[in-house]
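Scroll down for the structure; my scribbles are underneath it.
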Protein chains: 2
Amino acid sequence: MDMGERKKKILSSVVTEYIVSAEPVGSRNIANKYNLGLSSATIRNEMADLEDMGYLEQPHTSAGRVPSDKGYRMYVNELMNDYELSVRDIKVIKSMMELRLNQLDKLITNAAKVLSELTNYTAVFTAPEFKKGAIKTIELVPIDESSMLIILVTNEGIMKNKRVMLPKSVTPEFITKFSNLLKEKLSGLTIEEISVGKIQEIKQAMQTNFEILFPVLDFITDIIDDVNKETEVYLSGTTNIFNYPEYSDIGRAREFLELLDNKPVIKKAISGNNERRQGKKNAISIKIGGENELDALKNKSIITADYYIGERAVGKLGVIGPTRMDYAKAVKRIERISAYMNKILAELYQNNKGD
Amino acid sequence: MDMGERKKKILSSVVTEYIVSAEPVGSRNIANKYNLGLSSATIRNEMADLEDMGYLEQPHTSAGRVPSDKGYRMYVNELMNDYELSVRDIKVIKSMMELRLNQLDKLITNAAKVLSELTNYTAVFTAPEFKKGAIKTIELVPIDESSMLIILVTNEGIMKNKRVMLPKSVTPEFITKFSNLLKEKLSGLTIEEISVGKIQEIKQAMQTNFEILFPVLDFITDIIDDVNKETEVYLSGTTNIFNYPEYSDIGRAREFLELLDNKPVIKKAISGNNERRQGKKNAISIKIGGENELDALKNKSIITADYYIGERAVGKLGVIGPTRMDYAKAVKRIERISAYMNKILAELYQNNKGD
DNA sequence: ATTAGCACTCAAAAGAGGTGAGTGCTAACA
DNA sequence: TGTTAGCACTCACCTCTTTTGAGTGCTAAT
C-alpha cells in the first residue's frame, strides 16, 4: 500500500487536529473541520489504512486515532506547513536582543526564558563548550594570602575563571612569573590538547614551587569534565509541562521533572544530532519519541539547534515537550532565537576572532 | 480549659502519628499504639477538648483529627523529643566535609544536596550576602581589546567577579592605574556604603576616560540588586515533594514547583526570622504554615538556620516541606550541616579576617 | 473520672446503568 | 471501482446508588 496524496492530507489533518486537541481524532471530526470533500466513511477507511501502515494508532477500539512516532516523523518531514512567526513572537525575541546582556550566563538565561515563554515548552540551553576553544590568554591574579584567581580566555572570546587555594604561600612576583610561563606554553592549544608532556615541560621550566601547578591542573580537569557540571545546562519553563494533559498524571509529571533535574542526562539527550540539513549551519535537529535513546524520553520530543561563535558550533538550544508538540511553531521560534544568539555573540566576541 | 500533662501527651501522640501516617488520626489508633493507659473514649473526649482549644482540626465529622498550625507550634515548642542523628546521617554529613570543596558555589550545591537527600524535603540555601562585607581588594584585569574583569574581595574573603565590556579602548596601563585608584578609594567600605559622593570623588581624581566608570557602577548595582539574582538561591531536591501524599494532587504539586521556580520569592520567604533562641548564634527558625507571610506558603513549613563567616551571619540554609514535617529530624540535620558549613568556611576564609 | 456501648455521620470504594463518540462492515450507488 | 449511507457494535466515561468502615458524640454504668 502506498501513500497517496489523499492519505497525506488526512494524516496531516489528524496530526494538526491532535496537536491542538490532545484527544484521539475521529473520522467525523476530520470530515467536518477539514474540507477534504470526503465523507467520514471514506476517511474512516483511509485512517484504517494509515493505521495498518503504522502512521496512526488507536488507544482502544472505540476511540479515534492518534499519530504514532512514525506519523509525526512523516508530518515533520513532508507535511507540515511553514509557520509564520507572529508579530508578538518577533517583538518579544527582538526585545531580548535589545537587553544587550554582555554576560554569557545572563544572555543564555534570558534567551532560555524567552524561548520557554513563547513555546510553552521547557527550554534547554548548553553553555558554550569551552574545552574545544584555543587558549588565547591565561592569567593568574593573587586574591589574598591563600588564594589566586585563574582566568582563561579562548580565541573565541569566551572566558572562564576559578578561584583556587594556593598550596603554599608564594609571592605575587612568583605568581606573575608563573602566569607568563603558562601563557607562553599554553597559548594556541585547546584545553583538550594540553598533554602530560606539556605539563612536564612547564614543570621543567619552573625552578621552584611546583605545587602551584596542582590547582591549575584541577581547573583544567574541571573544564574537561564539564559534561558533569550542573552549571553547563540551563533550563527554563520546567513547570510548563503542567499545561499539557499528557502530564496531568502525577506519575508522568514526576518522571519528567526528575529527568529535568538530572542535568548530565539532559545534556547527553540534546547533544546527539538528527538533522534535516545535516552538517549545515543553522540545521535543526528533531527527535521524536522513540527516536530518542533514553527510555525516559521515548514519549517526548526534543528540537534543538546549534549556536555559533564564529564558525564553531559552541552550544545547543532547544525545547523538550510531549511528542504532541507544535513542531512547526517550535522550529521557527528556535530558528529565530538561535539566529539572534549568533548575532549577539558575534557582536560580543567576534572581534577576538583569529588573533 | 487548660493544657494538662495528659492533653500534652495526647497531642504529642497525634502529631507524631500524623507525621508518619499522613492520615487523620483516630482515638482508637492512639489508644492502641501509644500506651497512655487510657481508653479510646477518654482520648476521644480529650481530643474534642484539644479541638476546641485549637490544637487539632477535623477534616469532616466522621474523620480522625489532624494537627492545626497551633498544634504543630505547641509540638515544636514544648513536646517534641530531641532526635539523635543516626550513624548514617553523621557519616553522610561528614563525608561532605571531606570533599574539601573550596569553591563557594560547589560547597553550597553539595551541602544542599546532602540536606535534601537526608531530609527528603527541598533544601534551600542562599549565597553569602556580599554587599554587607567590607571591600578588601578591588582588581581590574584586562581580558582582551574590549573587555576587562572586575574582581572584588571582601574582608571575609568572599570573592565576586564579572567580565565587563569596555566602553572605549583603553591601555592596560590605564586600567592598572584606574584599578589602584578604586582600591584606594573603596577599600574598607561595604558595597552598600558606596555613595554617589564617593563616585564623584573618584571621577574627580581621574583625568580622562570617565566612561570606564560605568561598567564598574553596573557591577556594583548588580551586587546590590542580588535579591533578584537567580544565582543567589540554591535549591536541591525540588522533586522530593512527590514523595508526600499532600502533593499527590497535581494542582498542589504544580503550585509548589512554580513557587520554587520563583527565586526572589523563595529568598524573601526564608530571610525572615522566627527564632527560638533569638539573635543567638546557631539559632534555628521555624515557620509553620500560616505563620508564613506568603499565601503560597500557608500550607508549608520552613526551617532555616544562618551560616557564618567569622561573626557575621552571611547566608541561610534550610528546608521547605509540608506542615506535616518531621520537625525534630529536620532541625537536627540542619543544625549539623550548618555547623559543618561554618567550620569549612572558617577554614577557607577565616585567615582573611580582620586584616 | 473513666469507660463500654451504641446510634450516627460521611468519605471513599464498588457496582450498575446510561450515554455518546467512534469504529468496522455491508450493501447500494455513481 | 471508488465512495458513501446505514447500522450494529465497542468501550471509556459519567452519574447515580449502595455498601462499607473508620471514626465520632453522647449516655449510662462502673
Side-chain angles (χ1 to χ4, degrees), chain A residues 1-11 13-15 17-18 20-68 71 245-246 248-249, chain B residues 1-11 13-15 17-18 20-68 71 245-246 248-249:
Chain A
M1 195 161 2
D2 68 334
M3 189 83 173
E5 260 324 292
R6 195 167 75 178
K7 280 197 173 56
K8 283 189 182 173
K9 267 189 188 141
I10 290 172
L11 176 56
S13 305
V14 172
V15 175
E17 186 61 23
Y18 187 64
V20 307
S21 75
E23 300 277 310
V25 183
S27 52
R28 234 178 89 84
N29 200 336
I30 297 290
N32 291 338
K33 285 199 200 157
Y34 299 79
N35 296 320
L36 303 178
L38 294 169
S39 77
S40 67
T42 309
I43 293 173
R44 206 138 59 229
N45 288 331
E46 294 286 43
M47 279 167 77
D49 289 350
L50 285 166
E51 185 175 352
D52 289 342
M53 296 162 80
Y55 295 107
L56 295 177
E57 283 167 358
Q58 220 176 357
H60 60 266
T61 355
S62 71
R65 258 101 175 181
V66 159
S68 65
E246 27 275 88
S248 61
D249 173 71
Chain B
M1 194 160 3
D2 66 336
M3 189 83 172
E5 262 322 294
R6 196 167 73 177
K7 282 198 172 55
K8 285 188 181 173
K9 269 190 187 140
I10 291 172
L11 176 56
S13 305
V14 172
V15 175
E17 186 61 22
Y18 187 64
V20 307
S21 76
E23 301 278 312
V25 182
S27 52
R28 233 178 90 83
N29 200 336
I30 297 290
N32 291 338
K33 286 200 200 156
Y34 299 79
N35 297 319
L36 304 178
L38 294 170
S39 77
S40 67
T42 309
I43 293 173
R44 206 139 59 230
N45 289 331
E46 295 286 44
M47 278 166 78
D49 288 350
L50 285 166
E51 185 175 353
D52 289 343
M53 296 161 79
Y55 294 107
L56 294 177
E57 282 167 357
Q58 221 176 356
H60 59 266
T61 353
S62 70
R65 258 102 175 179
V66 159
S68 65
E246 28 275 88
S248 61
D249 174 71

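Below, read A as the first sequence line, B as the second, and so on, with proteins coming before strands; counting in each chain starts at 1. Note that the structure is a prediction, hence the values are computed from the model and not measured.
- Scored by the side-chain contact (heavy atoms from CB on, under 4.5 Å) test, K33(A) finds E17(A), N29(A) as partners (sequence neighbours excluded).
- The one candidate from V25(B), V15(B), L36(B) that meets the side chain to side chain contact (heavy atoms under 4.5 Å, CB included) condition with I10(B) is L36(B).
- Contact check, R6(A) against dT3(D): a side-chain N or O comes under 4.0 Å of OP1 or OP2.
- Contacts of R28(B) classified as side chain to side chain donor-acceptor pair (under 3.5 Å), with partners at least two apart in sequence or in another chain: none.
- By the side chain to side chain donor-acceptor pair (under 3.5 Å) test, E51(B) is found to be paired with R65(B), residues two or more places apart in sequence or in another chain being considered.
- Listed by chain and number, the residues in a side chain to side chain donor-acceptor pair (under 3.5 Å) with E23(B) amount to none (sequence neighbours excluded).
- As a whole-Å value, the separation of R28(A) CZ from dT4(D) P is 15 Å.
- Judged by distance alone, the side chain of S68(B) and the main-chain N or O of G54(B) form a donor-acceptor pair under 3.5 Å.
- Remark: Y55(A) OH to L50(A) CG distance equals 8.5 Å, nearest 0.5 Å.
- Among residues two or more places apart in sequence or in another chain, the salt bridge (Lys or Arg N to Asp or Glu O under 4.0 Å) test is passed with E57(A) by none.
- The side chain to side chain donor-acceptor pair (under 3.5 Å) test applied to S39(A) returns T42(A), not counting sequence neighbours.
- If you walk DNA chain C from 5' to 3' and mark each nucleotide with an atom closer than 4.0 Å to a heavy atom of chain B, the marks span dT2(C) to dA11(C).
- A heavy atom lying under 4.0 Å from DNA chain C marks the following residues of residues 37-47 of chain A, by number: R44(A), M47(A).
- Counting only residues at least two apart or on different chains, the salt bridge (Lys or Arg N to Asp or Glu O under 4.0 Å) pairs with a member in residues 35-47 of chain B are R6(B)-E46(B), K7(B)-E46(B).
- Applying a 4.0 Å cut-off to non-hydrogen atoms, the residues of residues 55-67 of chain A that approach DNA chain C are Q58(A), T61(A), S62(A), A63(A), G64(A), R65(A), listed by residue number.
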